[in-house]
Amino acid sequence: MQAPANPNAYKILVVDDDPDIVELLEYNLRKECYMVASAPDGRKALEIAPQFGPDIILLDVMMPHLDGIATCRQLREQPKFKDTYIIFLTARAEEFSEVAAFEAGADDFIAKPIKPRALLSRLAAFVRRDRDPLSVQDTIEINGLTIDRTAFSVYQEGRKITLPKKEFELLAFLAATPHKVFGREELLQNIWGNDVFVLARTVDVHVRKVREKVGDHHIQTIKGVGYKFNTDN
């Protein structure tokens, strides 16, 4: 079922076999003027998605008929969904491979029980980036950190933290796109460039040094994949 038409609204497909979760998400998303469709499992999602054309898909991992990872993989095989933002909904007790999920094409994870306010905040951040992908913020304020790109300075709750240039660039690059996972090779290309020969291990060393100075919880390791900036306190 779809919300009233709004030509500027982003379309979100909710895929979950729990009707209570679907109802909760539909209610909160429609309040924010998103257009919403839902599916009870992965197989049905593959039928609905081409007709609905979602910009964002909220996808449960454990579902009957076709699980979330297989569904995500099949969606990514279709050119129409190559750049669709896919967020997995996962229960903390579930045992699944984050590596397999990211390899299938996941962009992000939301842990259950879902907190609507946190979800809506994350979706709003995606919409801002999507509408103006070329904009670069001079100052990033996130999770207690203030990162001033022009002054190459970092403040944590008012206290200045001094970082060498590459450590600063690494932190600012990850913080500019919170929750997006970057592999080591991608970080090397964006921060060190193609003309400089450095080992992938260099990224790990710089992450360790940044953590020593700003705290362990800001940069999260996704085992076997890479790193992302974590906005969850």
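As the structure is a prediction and not an experimental result, all values here were calculated from the model.
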Q. Can we call the ring centroids of Y10 and Y34 under 6.0 Å apart?
A. no
Q) When the aromatic ring centroids of F173 and F229 are compared, is their separation below 6.0 Å? A) no
Measure the [atom1]-[atom2] distance between [X] and [Y] for me, rounded to the nearest 0.5 Å.
X    : Y    : atom1 : atom2 : value
L120 : R117 : CG    : CZ    : 9.5 Å
K228 : I222 : NZ    : CD1   : 5.0 Å
L66  : R43  : CG    : CZ    : 8.0 Å
L13  : L25  : CG    : CG    : 11.5 Å
L171 : I219 : CG    : CD1   : 5.5 Å
I86  : R73  : CD1   : CZ    : 11.5 Å

Linked, directly or transitively: [X] and [Y] (ILVMFWY side chains, under 4.5 Å):
X    : Y    : answer
V61  : L24  : no
F152 : L163 : yes
V214 : Y155 : no

Q. Sequence neighbours excluded, which residues qualify as side-chain hydrogen bond (donor to acceptor under 3.5 Å, both in side chains) partners of D204?
A. R184, Y227
Q) Is NZ or CZ of K180 both nearer than 6.0 Å to the six-membered ring centre of F182 and within 45° of the ring axis? A) yes
Are the side chains of [Y] and [X] in contact, using a 4.5 Å heavy-atom criterion?
X    : Y    : value
E26  : V22  : yes
V210 : F168 : no
I147 : T139 : no
H217 : N143 : yes
L145 : H218 : yes

Q) Considering the options D60, I21, V36, I57, which one meets the side chain to side chain contact (heavy atoms under 4.5 Å, CB included) requirement together with V14? A) V36
Q. Taking 4.0 angstrom as the limit, do K160 and D148 come out as a salt bridge?
A. no
Q. In terms of side-chain geometry, is the basic nitrogen of R208 or E212 positioned less than 4.0 Å from the acidic oxygen of its partner?
A.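 A salt bridge links R208 with E212.
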Q: Determine, step by step, whether L119 and K115 satisfy the side chain to side chain contact (heavy atoms under 4.5 Å, CB included) criterion, reporting the C-alpha distance in whole Å, the side-chain angles of both residues, the deciding distance to 0.1 Å, and the verdict.
A: CA-CA 6 Å; L119 172 61; K115 299 175 181 177; over 6 Å; no
Please report the closest heavy-atom contact between [X] and [Y], naming both atoms and the distance.
X    : Y    : answer
G68  : L59  : O-CD2, 3.3 Å
P50  : A45  : CD-O, 4.5 Å
M62  : D17  : O-OD1, 3.8 Å
K213 : P164 : NZ-CD, 3.5 Å
R149 : A176 : NH2-CB, 3.0 Å
T84  : I56  : CG2-N, 4.1 Å

Q. Should we count CD of Q78 as having more than 12 external heavy atoms under 6.0 Å?
A.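 Yes, CD of Q78 has more than 12 neighbouring heavy atoms, counting only those of other groups under 6.0 Å.
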Q: Mind running side chain to side chain contact (heavy atoms under 4.5 Å, CB included) on I12 and L58 for me, showing each step along the way?
A: CA-CA 7 Å; I12 300 181; L58 303 179; 4.0 Å; yes
Q) So which pairs with a foot in residues 74-85 pass salt bridge (Lys or Arg N to Asp or Glu O under 4.0 Å), sequence neighbours left out? A)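 Only R76-D107 qualify under salt bridge (Lys or Arg N to Asp or Glu O under 4.0 Å).
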Q: Check the side chains of E169 and H206 for a donor-acceptor pair under 3.5 angstrom, ignoring hydrogens and angles.
A: no
Q. Of all residues at least two apart in sequence or in a different chain, which pass the salt bridge (charged side-chain N to carboxylate O under 4.0 Å, His left out) check with K31?
A.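 K31 satisfies salt bridge (charged side-chain N to carboxylate O under 4.0 Å, His left out) with no residue once adjacent residues are dropped.
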Q: Applying side chain to side chain contact (heavy atoms under 4.5 Å, CB included), run through L188 and E185 and close with a yes or a no.
A: CA-CA 5 Å; L188 285 173; E185 291 299 329; 4.1 Å; yes
Q | Test salt bridge (charged side-chain N to carboxylate O under 4.0 Å, His left out) applied to K112 and D20, D18, D16, the passing residue | A | D16
